[in-house]
Amino acid sequence: MTHPASPTEHRLLAHLNPEQLAAVTLPAEPALILAGAGSGKTRVLTTRIAWLLSTGQVSPGGLMAVTFTNKAAKEMITRLGAMLPFNVRGMWIGTFHGLCNRFLRAHWKLANLPQSFQILDSGDQLSAVKRIIKAMNLDEERFVPKQVTWFIAGSKEDGLRPKDIEIRDGQTQKLAEIYQAYEDQCQREGVVDFGELMLRTYELMRDHAALREHYQQRFRHILVDEFQDTNKLQYLWLKIFAGHGTDSPSAVLAVGDDDQSIYAFRGAQVGNMADFEREFRVRHLVKLERNYRSFGHILDAANALISHNSRRLGKELRTEAGPGEPIRVYEATSDFADAQWLVEEAQQLHRAGTARSEIAVLYRSNAQSRVIESALFNAGVPYRVYGGLRFFERAEIKHALAYLRLVENPNDDTSFLRVVNFPARGIGARSVEQLQDAARSSARSLYQSVGAVGGAAGSKLGGFAKLVDGLREATRGLTLREIIEQMLETSGLVTFYRTEKEGQDRIENLEELVNAAEAFVTQEGFGKDAVALPVDETAPGTIAAARPGEPEAPAPVDLQPDAETGEIMSPLAAFLTHASLEAGDNQAQAGQDAIQLMTVHAAKGLEFDCVFITGLEEGLFPHENAVTSVNSSGADGLEEERRLMYVAITRARQRLYLSFCQTRMLHGQTRYNVKSRFLEELPEGGLKWITPRQQGFGSGYAQQYQQAWQRGSGLSGVVGAGRNSGWQPPAAPPPAWAAPVPAAMSQSAAKSAGHGLRSGQSVFHNKFGEGVILTLEGKGEDARAQINFGRHGTKWLALAVAKLTPIE
DNA sequence: AACTCCAGCGTTTTT
DNA sequence: CGCTGGAGTT
């Protein structure tokens with residue numbers, strides 16, 4: 001540092017640990033921060049920004065900070081707002097997609113887009129692709145719409161346009177054609193999907209030297225959060241904004257954790273971290289390994305687990321908080337019993353003073369939540385499930401938004417199709433087909449083709465077009481709130497839901513939409529006046545203030561003005577953009593103190609006092625599909641599962657529970673499980689098995705366990721026999737999971753055919769190790785068994801040949 | 001246009 | 001098992 005530390009600076013930097021301080025005060029050069037879970041990553045990022053600004057090293061307009069989620073962006077803005085004496089909302093801090101949106105709004109002409117282009121969410125994209133496939137007369141069996149959307153999204157994430165697609169066979173040839181048709185359609189309708197936001201921004205920067213140079217000079221500092229989750233295109237995007245390879249590249253600060261990369265399946269490339277280090281010649285690598293979240297046993301478990309992964313950048317979490325409580329491991333006879341136990345345990349925690357919202361139940365896949373939910377429900381315990389439908393994805397909301405989009409742009413065919421006959425107005429599939437034919441043959445939108453359909457169908461369609469036109473006329477000059485209220489009235493949506501049995505909730509959601517719009521207007525800082533204001537009178541040249549060295553005037557985030565004219569889009573269009581870019585919360589009954597249920601993926605970035613990780617069973621976690629697949633990008637599926645487990649473990653502050661079930665109801669049938677290999681990768685010394693010896697109900701177990709719990713110890717159950725050190729003789733005491741399945745639990749317990757084996761029985765095989773019998777067939781010489789050997793997979797063995805030793 | 005019925009399917013999913 | 005979507009029925 002060449003400048004003396006001012007009091008402001010001193011205050012900013014106080015309370016940082018040495019590594020954090022080093023990261024915050026790095027020189028303006030490429031740097032990589034390896035930020036472990038709970039190591040104060042967000043704090044470092046925000047303090048770095050505040051430090052750069054308050055020391056005058058960069059102006060607010062000369063800095064860009066990129067995140068993946070709206071939540072992370074908002075948190076950064078909020079924290080920064082508290083640290084800095086000026087309005088930070090106009091700064092270029094946002095999600096990749098949000099910033100691309102801003103960029104494209106400012107340069108919509110160059111980007112060849114309408115100014116108020118709308119953004120397709122994944123659902124819209126799917127229906128658009130379906131339309132294409134139908135229009136091209138292709139077989140939906142061969143071109144599964146969902147897979148086609150993956151193909152298109154994946155291609156864009158790799159920066160590939162249809163012409164860049166490598167044609168290997170007829171299938172890829174056709175896929176490229178679909179992709180091309182989809183692009184044409186989007187362009188015609190004036191809509192873009194998420195991938196397009198990124199790709200078009202990148203291409204615009206690549207192809208327009210003046211623009212490129214402007215932004216490259218402007219952003220002297222670029223900070224990237226969750227860098228391990230960037231995909232190929234996002235990395236290219238960063239390189240071009242950073243002026244990588246030019247004379248004066250900007251300083252990129254990449255913050256990430258390769259051990260928390262859990263989105264490879266969606267195109268994220270952990271390898272970007274290593275590439276960044278190499279290509280940017282990173283000289284500053286800071287590791288944040290001091291963890292402020294969890295106790296020692298929890299971190300030991302996380303460290304031990306993740307050490308089983310190869311290809312790591314290398315990092316070990318440590319704490320000064322002491323070892324804390326051991327990790328409790330529970331083996332249940334069934335998923336049902338597991339849920340019962342979990343509810344009981346959670347109730348105890350709550351009674352002992354833990355807020356319910358500080359108790360999280362994590363699982364690998366959504367299907368697992370059902371049994372836990374029903375146990376919680378039956379016990380009357382408030383709970384909240386993350387995931388599921390988000391606010392702006394609800395059907396009634398999407399319908400309402402479709403009307404609003406048609407007001408804004410009647411050529412949006414996706415929206416047209418969604419509501420042309422909703423509420424029903426006698427426009428059937430035949431009429432729509434006629435209309436689509438007419439539109440196709442004249443290369444016009446559905447709305448434009450309404451006149452081309454004759455007869456009764458034509459007049460009904462005309463009626464719908466009039467409705468949309470009328471709505472547009474009637475809402476001209478109204479506030480956003482009034483526009484939406486008018487739309488709800490005119491469209492007949494509210495009337496329709498009033499007659500529906502389950503319509504009340506939907507009407508409430510529609511009312512909530514009005515509130516959301518109201519909140520958006522207030523938050524974005526434009527009121528009634530701005531709405532009525534003719535576009536020409538808006539302050540021009542907003543971007544001119546953004547020259548390097550000058551702070552940018554705080555502008556409403558979603559109202560990016562045209563770079564040349566200062567023209568802004570309408571509040572309605574801005575609100576629609578907001579709705580697509582930020583699908584909203586998916587939390588039901590917020591507010592109430594409730595136990596939190598979510599997938600491990602959804603838990604990333606969160607933390608809780610007490611965490612239950614359930615379903616630690618081979619095939620489920622790690623998931624069987626991930627174990628067998630070394631996916632196309634060369635990433636090892638098992639390693640990603642392990643990182644997922646690492647993320648799960650590191651969510652816990654004080655207490656961590658791990659559980660697995662001998663049997664689990666999956667897809668309507670009982671599965672016999674082998675416990676997850678991840679359990680064996682944890683240090684035994686930090687685990688406490690709390691599975692009671694007596695299994696089943698009514699054995700007095702609950703009482704015993706409760707007493708033990710109150711002593712703060714739990715029951716000391718069977719400790720898992722170590723299997724990490726090579727062979728283990730069949731005679732060795734079996735680990736806890738080998739406890740027999742009670743007869744009542746095993747469907748075919750009676751199927752014993754002289755060999756003394758039954759389904760659910762645990763056995764040992766010299767080559768495959770321990771397994772659980774799934775099914776038995778045949779008699780005598782022909783007798784065979786299907787056995788789940790966990791990591792060795794499920795195998796059929798001939799009992800006359802295979803040497804199986806029953807366990808217990 | 002609004003029903004019923006049955007086959008098919010069932011990792012994870014920031015934007 | 002429980003949900004979705006397509007096909008078939010009224």
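Throughout, a chain's letter reflects where its sequence line sits, starting with A, and its residues are numbered from 1.
Stacking annotation: F265(A) is stacked on the base of dT12(B) (ring centroids less than 5.5 angstrom apart, interplanar angle below 30 degrees). Using a 5.5 Å limit on the distance between ring centres and a 30° limit on the angle between planes, the aromatic ring of H97(A) does not count as stacked on the six-membered base ring of dT15(B).
T599(A) has a side-chain polar atom (N or O) that falls below the 4.0 Å cut-off from OP1 or OP2 of dT13(B). The side chain of N70(A) contributes no N or O atom lying less than 4.0 Å from OP1 or OP2 of dT14(B). Between N231(A) and dT15(B) there is no side-chain polar atom (N or O) within less than 4.0 angstrom of OP1 or OP2.
At distances below 3.5 Å, not a single donor-acceptor pair connects side-chain atoms of H399(A) with backbone N or O atoms of F422(A). When atom types are taken as modelled, the side chain of R642(A) and the backbone of I306(A) share no donor-acceptor pair closer than 3.5 angstrom. At distances below 3.5 Å, at least one donor-acceptor pair connects side-chain atoms of T78(A) with backbone N or O atoms of K74(A). The backbone N or O of E639(A) lies less than 3.5 Å from a partner atom in the side chain of N309(A), making a donor-acceptor pair. Side-chain atoms of N788(A) come within 3.5 Å of backbone atoms of Y672(A) as a donor-acceptor pair (strictly under, hydrogens ignored).
Along DNA chain B, the nucleotide nearest G428(A) and the nucleotide nearest K71(A) are compared for position; the residue whose nucleotide lies closer to the 5' end is G428(A). Each of G98(A) and R425(A) was assigned the nucleotide of DNA chain B with the nearest heavy atom; the assignment lying further toward the 5' end belongs to R425(A).
Taking atom NE2 on H623(A) and atom P on dG10(B), their separation rounds to 10 Å, with Å as the unit. One atom, CD of E639(A), and another, C1' of dT12(B), lie 17 Å apart when rounded to the nearest Å. One interatomic measurement links the two molecules: CG of D229(A) to C1' of dT14(B), which rounds to 8 Å at whole-angstrom precision. To the nearest angstrom, C1' of dT11(B) lies 13 Å from CZ of R671(A). Put simply, CG on N625(A) is 9 Å from P on dG10(B), counting in whole angstrom units. Between L666(A) atom CG and dC9(B) atom C1' there is a gap of 12 Å when expressed in whole angstrom units. Between E140(A) atom CD and dG8(B) atom P the separation is 16 Å, expressed in whole Å. When rounded to the nearest whole Å, the span between CD1 of I152(A) and P of dT15(B) equals 21 Å.
Side chain R266(A) to base dT15(B): a donor-acceptor pair is found below 3.5 Å.
Here R161(A) pairs with E196(A) in a salt bridge; the nearest charged N to carboxylate O distance falls below 4.0 Å. Ion pair R664(A)/E617(A) flagged as a salt bridge, since at least one NZ, NE, NH1 or NH2 atom sits closer than 4.0 Å to an Asp/Glu carboxylate oxygen.
Counting any heavy atom pair closer than 4.0 Å across all strands shown, L120(A) reaches no nucleic acid atom. Among the atoms of the strands shown, only primed sugar atoms or phosphate atoms (P, OP1, OP2) are found under 4.0 Å from some heavy atom of G426(A). Using a 4.0 Å heavy-atom cutoff across all strands shown, S122(A) reaches at least one base atom of the nucleic acid. Residue F96(A) is out of contact with every strand shown, counting any heavy-atom pair closer than 4.0 Å. Among the protein residues, D193(A) comes within range of no part of the nucleic acid, since none of its heavy atoms lies under 4.0 Å from any strand.
Counting only heavy atoms from C-beta on, M665(A) has its side chain closest to dC1(C) among dC1(C), dA1(B), dT14(B).
The local environment of NZ in K71(A) is sparse, with at most 12 non-hydrogen atoms from other residues, nucleotides or ligands closer than 6.0 Å.
Glycosidic conformation of dT12(B): anti, with the torsion beyond 90° of 0.
Near DNA chain B, meaning a heavy atom under 4.0 Å away, the residues from residues 364-374 of chain A are R364(A), S365(A), N366(A).
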